[in-house]
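Presented below is the structure to which this report refers.
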Amino acid sequence: MSRPKTPLVPDSRDALNKFKMECAAEIGRTQFTKENNDHYKGDLTAKQNGSEGGPIGGQMTKKMVEFYENSVKNK
């Protein structure tokens, strides 16, 4: 079963896209974001797609965890 394509809070889509682009820029991978690379990728392997875009999601997760840990620490 696939995951839903919409965020839990639909109004957050623009903020999430902005956050994704910021994270991609931090690690120098903006060329692999859909906003900058909107061509057909069905001919690429899952491994290749994962190696290109995976680090962006990893950076996003890392930053969200850091934000949460800092917010808990400051309470």
Side-chain angles (χ1 to χ4, degrees):
M1 186 160 100
S2 67
R3 292 178 287 170
K5 303 284 188 231
T6 57
L8 290 176
V9 181
D11 295 338
S12 68
R13 182 177 300 280
D14 290 336
L16 286 170
N17 281 336
K18 182 180 175 191
F19 181 56
K20 176 179 68 176
M21 294 303 293
E22 290 172 4
C23 289
E26 284 181 11
I27 60 174
R29 292 188 156 265
T30 56
Q31 73 272 25
F32 298 118
T33 62
K34 183 177 180 181
E35 291 77 8
N36 292 335
N37 188 5
D38 198 18
H39 70 277
Y40 177 71
K41 293 187 178 184
D43 56 341
L44 300 178
T45 64
K47 182 177 182 178
Q48 185 174 353
N49 278 323
S51 68
E52 292 174 354
I56 298 169
Q59 181 71 4
M60 290 174 70
T61 302
K62 178 181 170 185
K63 291 185 70 80
M64 285 186 272
V65 168
E66 285 175 5
F67 178 78
Y68 174 77
E69 288 175 345
N70 288 338
S71 69
V72 169
K73 212 182 288 184
N74 293 330
K75 282 188 177 183

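Counting begins at 1 with the first residue of the sequence.
If you take CG on Asn49 and CG on Asp43, they are separated by 9.0 Å, rounding to the nearest 0.5 Å.
Among pairs with a residue in residues 56-65, those fulfilling side-chain hydrogen bond (donor to acceptor under 3.5 Å, both in side chains) read Glu26-Gln59, Glu26-Lys63, at least two apart in sequence or across chains.
Of all non-hydrogen atoms in Pro55 and Gly50, the two that sit nearest each other are CD-O, 3.7 Å.
Not one N or O on the side chain of Arg29 forms a donor-acceptor pair closer than 3.5 Å with the backbone of Gly53.
Met21 shares a hydrophobic cluster with no other residue; no ILVMFWY side chain has heavy atoms under 4.5 Å from its own. When hydrophobic side chains of Ile, Leu, Val, Met, Phe, Trp and Tyr are connected at separations under 4.5 Å, Met60 ends up clustered with Phe19, Ile27, Phe32, Ile56, Met64.
Partners of Thr45 by side-chain contact (heavy atoms from CB on, under 4.5 Å), not counting sequence neighbours, listed by chain and number: Lys47, Gln48. With sequence neighbours excluded, the residues forming a side-chain hydrogen bond (donor to acceptor under 3.5 Å, both in side chains) with Glu35 are Lys20, listed by chain and number. For the side-chain contact (heavy atoms from CB on, under 4.5 Å) test, residues two or more places apart in sequence or in another chain that qualify with Tyr68 are Ser71, Val72.
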